[in-house]
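What follows is one structure encoded as structure tokens, with my remarks underneath.
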Amino acid sequence: MVWTELLMSKVQLLGPLDWLAPVLIGLLYISLSSLLREPARQKFSAVMIAGAGAAYLNGGFGAWELAFTALVTVCAYRGLTSYAFIGAGWLLHTGWDVLHYLYGNPIVPFSATSSFGCAVCDPIIAAWCFAGGPSVFGGLRRRVGAHRP
């Protein structure tokens, strides 16, 4: 009950931009990543989740921060050959974002809602990874290429 009340009190303080900006950032990340050809796109995504896993190393949860980083590092390593592990890493990071948002130690120290934003953005990226990390421009390239004389 305490966690629910804490979450509700914090969410009530959020404005529309706190919700919209992370969605746009997630879509921008997917769009820019889509510019990379495979297998570079998958390798880049694995490196990005590895970096995200280490983002909270001094986040206030002591040895749990190291354990979390190790877990996400395993996901990143396995993500070199499987988008599903990259997606799992982003979902793990989402949970960590929520905990840090509730704890009051945001990922970006000068932005109190940054961990919340990360928790909104990360599942969008995870869903794309679970879909296999397809290029959002792939269909467009095929259609444009088909009309060339």
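Positions are given from 1 along the sequence.
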*Please report the C-alpha distance between Gln42 and Leu80 in whole Å, then the side-chain angles of each, then the deciding distance to 0.1 Å, and finally whether the side-chain contact (heavy atoms from CB on, under 4.5 Å) criterion is met.*
CA-CA 6 Å; Gln42 184 173 2; Leu80 291 169; 6.0 Å; no
_Residues Phe137, Ser31; criterion side-chain contact (heavy atoms from CB on, under 4.5 Å); working and verdict_ = CA-CA 8 Å; Phe137 305 116; Ser31 297; 4.3 Å; yes
*Where do Phe68 and Phe61 land on the side-chain contact (heavy atoms from CB on, under 4.5 Å) test, with the steps shown first?*
CA-CA 10 Å; Phe68 175 77; Phe61 294 150; over 6 Å; no
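Atom CG of Leu102 is separated from atom OG of Ser115 by 9.5 Å, given to the nearest 0.5 angstrom. Between Cys129 atom SG and Ile86 atom CD1 the span is 5.5 Å, to the nearest 0.5 Å. Rounded to the nearest 0.5 angstrom, His100 NE2 and Ile107 CD1 are separated by 8.5 Å. Taken to the nearest 0.5 Å, the CD1 atom of Ile125 stands 7.5 Å off from the OG atom of Ser33.
Tracing side-chain contacts under 4.5 Å through hydrophobic residues (I, L, V, M, F, W, Y), one never reaches Leu17 starting from Phe110; they form parts of separate clusters. When the side chains of ILVMFWY residues are joined at heavy-atom separations under 4.5 Å, either directly or via intervening members, Phe44 and Ile25 end up in two distinct hydrophobic clusters. Linking Ile, Leu, Val, Met, Phe, Trp and Tyr whenever their side-chain heavy atoms come within less than 4.5 Å puts Val136 and Leu27 in one cluster.
Here the closest heavy-atom approach between residue Gly79 and residue Ala46 is recorded as C-CB, 4.0 Å. Across every non-hydrogen atom of Pro22 and Cys121, the tightest pair is O-CB, 3.5 Å. Between Ser111 and Pro106, the shortest heavy-atom distance links the atoms O-CB, 3.4 Å. Between Asn105 and Gly59 the shortest heavy-atom distance is ND2-O, 2.6 Å. Across all non-hydrogen atoms, the minimal contact from Val108 to Ser114 is N-OG, 2.9 Å. Of all non-hydrogen atoms in Thr94 and Asp122, the two that sit nearest each other are OG1-CB, 3.1 Å.
In terms of the side chain to side chain contact (heavy atoms under 4.5 Å, CB included) criterion, residue partners of Val74 (sequence neighbours excluded) are, by chain and number, Arg78. A search for side chain to side chain contact (heavy atoms under 4.5 Å, CB included) contacts involving Leu71 returns Leu92, not counting sequence neighbours. Among residues two or more places apart in sequence or in another chain, the side chain to side chain contact (heavy atoms under 4.5 Å, CB included) test is passed with Leu32 by Leu28, Leu35. By the side chain to side chain donor-acceptor pair (under 3.5 Å) test, Trp96 pairs with Glu65, sequence neighbours left out. Applying the side chain to side chain donor-acceptor pair (under 3.5 Å) criterion to Thr113, with sequence neighbours excluded, gives Asp18.
Heavy atoms from other residues, nucleotides or ligands lying under 6.0 Å from CG of Leu24 number more than 12.
No side-chain heavy atom of Asp97 sits less than 4.5 Å from a side-chain heavy atom of Phe116. Contact check for Pro134 versus Trp128: side-chain heavy atoms found under the 4.5 Å cut-off.
Listed by first then second residue, pairs satisfying ring-ring contact (aromatic ring centres under 6.0 Å, His included) with a partner in residues 70-95 read Tyr56-His93, not counting sequence neighbours.
When hydrophobic residues (I, L, V, M, F, W, Y) are linked wherever their side-chain heavy atoms come within less than 4.5 Å, the members clustered with Leu91 are Phe130. Hydrophobic cluster membership for Leu57: Leu66 (Ile, Leu, Val, Met, Phe, Trp, Tyr linked by side-chain heavy atoms under 4.5 Å, directly or transitively). In the hydrophobic clustering (ILVMFWY side chains linked at under 4.5 Å, chained through shared members), Val47 stands by itself.
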